[in-house]
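See below for the structure under consideration.
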There are 2 protein chains.
Amino acid sequence: MDPDALAKAFVQHYYSTFDANRAGLANLYQDSSMLTFEGQKTQGAQNIVAKLTGLPFQQCLHSIQTVDCQPSGPGGGMLVFVSGQIQLAGEQHALKFSQMFHLMPTPQGSFYVQNDIFRLNYA
Amino acid sequence: MDPDALAKAFVQHYYSTFDANRAGLANLYQDSSMLTFEGQKTQGAQNIVAKLTGLPFQQCLHSIQTVDCQPSGPGGGMLVFVSGQIQLAGEQHALKFSQMFHLMPTPQGSFYVQNDIFRLNYA
């Protein structure tokens, strides 16, 4: 699969899961995975999903503006860089965000999220 | 050196070099380095610096708002995620941007930029 198509498919899957069933994101992380969310660091699939499901909003809708990707090196990883907007339920204005993922291959031929860094841009 | 301190030092060095002497950034890239600048892909130190020095503005000033970093995996690399503003000479408003770097260690104990993805956020 072409890397750009793979990155877009991942991004589509990630944010639709986030918006519909945040707990379902657990499948995308492993124990070594790291999340930095607005400067707060979390490690491990379970802690990361606890962080994401505990965010102080129930419903949200991501819309993606750009997706860039590059191979990260000899380990077969892929860097995915996203910009977009997140609309929180009950809020008038959407918030701009940017986020990067470092995807690493699994033995099963799939990918998991090794690194995840998220920032709001406060537009 | 503590990774957060190293990331901040790199970011300081990168943007002060960009603002004062863009051609001097050549030292930070290698032949394998990749840049995606607003969706346009470039590879190799020489091509990357040609791209950066050829951007349609002469003077600019970056100001950094956030710097996040995480180790990228067993190769000893480091992911650095930056958000900030860039003020172009002669323009009234600064532009928001976000950028990610994947730094890899050199045999000399320094780091070079293996991956670089830049996006304006059009605030």
Side-chain angles (χ1 to χ4, degrees), chain A residues 2-4 7-8 29-30 32-44 48 64-86 93-105 111-123, chain B residues 2-4 7-8 29-30 32-44 48 64-86 93-105 111-123:
Chain A
D2 151 54
D4 284 303
K8 285 211 173 98
Y29 297 94
Q30 294 194 357
S32 63
S33 302
M34 284 174 264
L35 167 68
T36 306
F37 187 92
E38 285 287 277
Q40 298 178 309
K41 297 186 185 192
T42 310
Q43 185 155 5
I48 288 172
I64 302 311
Q65 288 175 314
T66 64
V67 179
D68 296 306
C69 86
Q70 290 180 2
S72 67
M78 192 162 70
L79 296 163
V80 182
F81 187 88
V82 181
S83 71
Q85 298 196 332
I86 177 170
H93 298 293
L95 300 167
K96 278 174 181 276
F97 73 90
S98 48
Q99 187 163 16
M100 61 143 294
F101 301 96
H102 185 201
L103 306 183
M104 291 296 287
F111 283 89
Y112 72 95
V113 179
Q114 172 58 28
N115 301 95
D116 178 350
I117 303 179
F118 176 93
R119 279 284 177 183
L120 290 173
N121 300 320
Y122 307 110
Chain B
D2 151 53
D4 285 304
K8 285 211 173 97
Y29 296 94
Q30 294 193 357
S32 63
S33 302
M34 284 173 264
L35 167 68
T36 305
F37 187 91
E38 286 286 276
Q40 298 179 308
K41 298 186 183 191
T42 310
Q43 184 154 7
I48 288 172
I64 302 311
Q65 287 174 314
T66 63
V67 179
D68 296 305
C69 86
Q70 291 181 0
S72 66
M78 193 162 67
L79 295 164
V80 181
F81 187 88
V82 180
S83 70
Q85 298 195 331
I86 177 170
H93 298 292
L95 300 167
K96 281 175 180 277
F97 73 91
S98 48
Q99 188 164 16
M100 61 142 295
F101 301 97
H102 185 202
L103 306 183
M104 290 298 287
F111 283 90
Y112 72 94
V113 179
Q114 172 57 29
N115 302 94
D116 178 350
I117 303 179
F118 175 93
R119 278 284 176 183
L120 290 172
N121 301 320
Y122 307 112

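Here is how names work: the chains are called A, B, and so on, in the same order as the sequence lines, proteins then strands, and each is numbered from 1.
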Worksheet entry | Ring centroid separation B:Phe97 to B:Phe118 under 6.0 Å |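 Centroid separation for B:Phe97 and B:Phe118: below 6.0 Å.
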Worksheet item: Side chains of A:Thr66 and A:Ser83: donor-acceptor distance under 3.5 Å anywhere?
Response: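 Their side chains do contain a donor-acceptor pair, which is all the 3.5 Å distance test asks for.
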Worksheet item: For the candidates A:Gln70, A:His102, A:Met34, which exhibits the highest count of non-hydrogen atom pairs separated by less than 4.5 Å from chain B?
Response: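 Heavy-atom pairs under 4.5 Å are most numerous for A:Gln70.
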Worksheet item: Which region of A:Glu38, side chain (C-beta onward) or backbone (N, CA, C, O), has a non-hydrogen atom less than 4.5 Å from a non-hydrogen atom of chain B, or is it both or neither?
Response: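 When you check distances to chain B, no heavy atom of A:Glu38 falls under 4.5 Å.
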Worksheet item: chain B heavy atoms under 4.5 Å from A:Leu120: which part of the residue, side chain, backbone, both or neither?
Response: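 No part of A:Leu120 comes within 4.5 Å of chain B.
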Worksheet item: Just how far is it from atom CD1 of B:Ile48 to atom CG of B:Leu35, taken to the nearest 0.5 Å?
Response: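 It comes to 5.0 Å.
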Item to complete: To the nearest 0.5 Å, tell me how far B:Lys41 NZ sits from B:Ile117 CD1.
Response: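 Here the interatomic distance stands at 8.5 Å.
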Fill in: Side chain, backbone, both or neither of B:Asp4 within contact of chain A (heavy atoms, under 4.5 Å)
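The side chain, not the backbone.
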Discussion item. What part of B:Gln99 gets within 4.5 angstrom of chain A, counting heavy atoms only: side chain, backbone, both, or neither?
Written reply: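 Contact with chain A is through the backbone of B:Gln99 alone.
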Worksheet item: Looking at B:Gly75, B:Ser72, B:Gly77, B:Ser32, which has the largest count of heavy-atom pairs under 4.5 Å with chain A?
Response: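 Greatest number of close heavy-atom pairs with chain A: B:Ser72.
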Worksheet item: Going through the distances and angles, do B:Asp116 and B:Thr36 end up as a side chain to side chain contact (heavy atoms under 4.5 Å, CB included)?
Response: CA-CA 6 Å; B:Asp116 178 350; B:Thr36 305; over 6 Å; no
